[in-house]
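A quick write-up on the structure given underneath.
All chains are named by letter (A, B, ...) in the order of the sequence lines, taking the proteins before the strands, and each is independently numbered beginning at 1. Quantities reported herein were computed from a predicted structural model and do not represent experimental measurements.
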Number of protein chains: 2
Amino acid sequence: MSDAANHTGVVNAGCPVTVTVDVIGGKWKGVILYHLSSGAKRFNELRRLMPSITQRMLTLQLRELEVDGVVHREIYREIPPKVEYSLTSFGETLKPILFMMRDWGIKNEEVIVTNRNTMLDAGREE
Amino acid sequence: MSDAANHTGVVNAGCPVTVTVDVIGGKWKGVILYHLSSGAKRFNELRRLMPSITQRMLTLQLRELEVDGVVHREIYREIPPKVEYSLTSFGETLKPILFMMRDWGIKNEEVIVTNRNTMLDAGREE
DNA sequence: CTGGATCCATGATGATACTG
DNA sequence: CAGTATCATCATGGATCCAG
C-alpha cells in the first residue's frame with residue numbers, strides 16, 4: 001500500500017466540482033476514460049493509444065477508476081493472458097463531460113499554443 | 001524556473017482530451033475556474049472559497065491559467081492592495097464543462113463515497 | 001509474450017514563515 | 001492584502017524484475 005492513493009479520501013471540500021475532479025482528475029484519468037468511451041480496450045491497447053504513459057501509471061490509474069466504480073476489469077484466463085477494461089454503466093455517465101473536453105480540445109488547441117508562446121515572450125522582455 | 005511548470009509544454013500527445021486536461025487539469029484549476037465562473041473574485045476571496053488550498057498553490061495555478069489565457073488578472077494600485085481575477089472571454093468557453101462537472105459531482109457524490117468504501121472493504125478480506 | 005510489481009529519481013504539491 | 005521563499009512530502013516517471 002501507500003502507493004496509488006491519488007484521491008483525497010474526503011472527496012469533498014464544500015465544492016461539487018472537487019468531487020468530479022477527484023474522480024476524473026490527475027494527469028491521465030480523463031484520457032483513459034475517453035479512450036474507453038469508444039469501447040472496451042485491452043491493457044496494451046491503451047498503452048498504444050497513450051504512448052507517453054508508463055505501465056506503472058496506467059495500472060495505478062485503472063485501479064483507482066475501478067475503485068470509484070467507473071471502470072470494469074474483465075480477466076480472460078487464456079494463453080496468452082488477456083485483460084479488458086471498459087466503462088461501467090456508472091462510468092458511462094461521464095461521457096458528456098469527456099466529449100465536451102474532447103471538443104474543447106479540438107477547437108482550442110491552436111489558441112492554447114499561441115497564448116502560451118505570447119505570454120512567455122511577453123515575460124521575457126520585462 | 002523549475003517550479004510551477006505544470007503543463008506538459010507540448011500540449012498534445014495525439015489526443016484532444018489531453019489538451020483540455022493540460023489547461024483545466026491538476027488538483028485545483030477546475031475548482032478555481034468554477035468559482036470564477038460566477039464572477040470576478042479577489043485573491044483572498046478565492047482562498048475562503050477553497051479553504052484547503054495553500055497561498056502558494058493558488059498563486060501558481062492562477063499564473064498558469066493566466067498564461068493559458070483563460071484567466072485575467074486586474075491589479076488595483078490602492079492601499080490596501082487589491083487584485084481581482086476573472087475569466088477571460090476565452091475562459092468563458094470552459095463554462096459548459098465546468099457546469100457539467102459541478103452537476104455530475106452533485107448527483108454522484110454519495111455514489112462515489114459508497115463505491116470507495118465497498119471496494120476497500122472487498123479488498124480487505126481477500 | 002502480456003499484465004503487473006518493485007526500486008529509485010524527478011517533479012508537483014503542501015506547510016510555514018516572511019515581505020512590499 | 002496579496003503575495004514570495006524555503007523546506008518537506010507526495011504523485012509521477014523510468015528502468016527493471018516477476019508471474020502466468
Side-chain angles (χ1 to χ4, degrees), chain A residues 1-10 13 18 21-32 40-67 71-86 123, chain B residues 1-10 13 18 21-32 36 40-67 71-86 123 126:
Chain A
M1 194 129 60
S2 85
D3 221 349
N6 195 1
H7 35 59
T8 319
V10 180
T18 308
V21 169
D22 209 48
V23 175
I24 71 172
K27 195 167 178 177
W28 298 109
K29 287 178 181 175
V31 187
I32 294 172
K41 301 271 180 303
R42 299 184 55 173
F43 188 84
N44 277 347
E45 208 169 344
L46 286 171
R47 283 192 70 193
R48 276 189 294 277
L49 290 167
M50 300 176 280
S52 55
I53 196 175
T54 60
Q55 261 181 325
R56 171 189 161 75
M57 271 306 113
L58 184 52
T59 303
L60 292 176
Q61 303 297 80
L62 284 168
R63 284 298 177 288
E64 290 196 14
L65 292 168
E66 248 190 293
V67 170
V71 161
H72 173 69
R73 181 174 181 234
E74 186 72 36
I75 306 165
Y76 298 87
R77 302 206 161 277
E78 312 169 349
I79 308 291
K82 174 175 164 183
V83 180
E84 249 186 17
Y85 294 91
S86 57
Chain B
M1 205 152 30
S2 87
D3 221 350
N6 196 359
H7 35 59
T8 319
V10 181
T18 308
V21 168
D22 209 48
V23 175
I24 71 172
K27 195 167 178 177
W28 298 108
K29 286 178 180 175
V31 187
I32 295 173
L36 292 181
K41 301 274 181 301
R42 300 182 57 171
F43 188 85
N44 276 347
E45 209 170 343
L46 286 170
R47 283 192 71 193
R48 274 189 294 277
L49 290 167
M50 299 176 279
S52 56
I53 195 174
T54 60
Q55 266 179 322
R56 169 190 162 77
M57 272 304 114
L58 184 52
T59 303
L60 291 174
Q61 303 297 79
L62 284 168
R63 288 295 178 286
E64 290 196 11
L65 292 168
E66 249 190 293
V67 169
V71 161
H72 173 68
R73 182 175 181 235
E74 186 72 36
I75 307 164
Y76 299 87
R77 302 206 159 278
E78 313 169 350
I79 308 290
K82 174 175 167 184
V83 179
E84 250 188 16
Y85 294 90
S86 56
E126 298 187 53

Separation of A/Ile53 atom CD1 from D/dG14 atom P, in whole Å? 11 Å
When we call it a touch if two heavy atoms are under 4.0 Å apart, what does A/Arg77 touch: a base, just sugar-phosphate, or nothing? nothing
How would you label the contact of A/Arg47 with the nucleic acid (heavy atoms, under 4.0 Å): base, sugar-phosphate, or nothing? nothing
Does C/dA12 have OP1 or OP2 under 4.0 Å away from a side-chain N or O of A/Lys27? no
Can you measure B/Leu58 atom CG to D/dC1 atom C1' for me and round it to whole angstrom units? 13 Å
Does any part of the side chain of B/Leu49, heavy atoms only, come nearer than 4.5 Å to the side chain of B/Lys41, both counted from C-beta? yes
Have a look at A/Pro81 and say if it touches a base, only the backbone sugar-phosphate, or nothing, with a 4.0 Å heavy-atom cut-off. base
May I have the distance from A/Leu60 (atom CG) to C/dG4 (atom P), rounded to whole angstrom? 11 Å
Looking at the side chain of A/Gln55, which of C/dA5, C/dT13, D/dC1 is the nearest nucleotide? C/dA5
To the nearest 0.5 Å, how far apart are CD1 in A/Ile24 and NZ in A/Lys29? 10.0 Å
Sugar-phosphate only, base, or nothing, as touched by A/Tyr76 at under 4.0 Å among non-hydrogen atoms: nothing
Starting at CG of B/Leu62 and ending at C1' of D/dA2, how long is that distance when rounded to a whole Å? 11 Å
Specify the separation, in whole Å, of atom OH of A/Tyr85 and atom P of C/dT2. 15 Å
Selection from D/dT12, D/dT4, C/dG4 that lies nearest to any side-chain heavy atom of A/Gln61: D/dT12
Length of the line joining B/Glu78:CD and D/dC1:C1', which is rounded to integer Å: 11 Å
Counting side-chain heavy atoms from CB outward, which of C/dG4, C/dG14, C/dT2 is closest to A/Arg42? C/dT2
Tell me, please, which residues at least two apart from A/Arg48 pass side-chain contact (heavy atoms from CB on, under 4.5 Å). A/Asn44, A/Glu45
Does the structure place the NZ or CZ of A/Lys82 under 6.0 Å from the centre of the six-membered ring of A/Tyr76, at an angle of no more than 45° from the ring's axis? yes
Of the options D/dG3, D/dA5, C/dT6, whose atoms approach the side-chain atoms of A/Arg56 most closely? C/dT6
Looking across every strand, which nucleic acid part, if any, lies under 4.0 Å from B/Arg73 by heavy atom: base, sugar-phosphate, or nothing? sugar-phosphate
If I take atom CG from residue B/Leu65 and atom CH2 from residue B/Trp28, how far apart are they, to the nearest 0.5 angstrom? 13.5 Å
Please tell me if B/Trp28 has a side-chain N or O lying less than 4.0 Å from either OP1 or OP2 of C/dA12. no
Can you tell me the distance, in whole Å, between the CG atom of A/Asn44 and the P atom of D/dG20? 19 Å
The nucleotide from D/dA2, C/dG3, C/dT13 with an atom nearest the side chain of B/Met57 is C/dT13
Find the distance B/Ile75:CD1 to D/dG3:P and express it as a whole number of Å. 7 Å
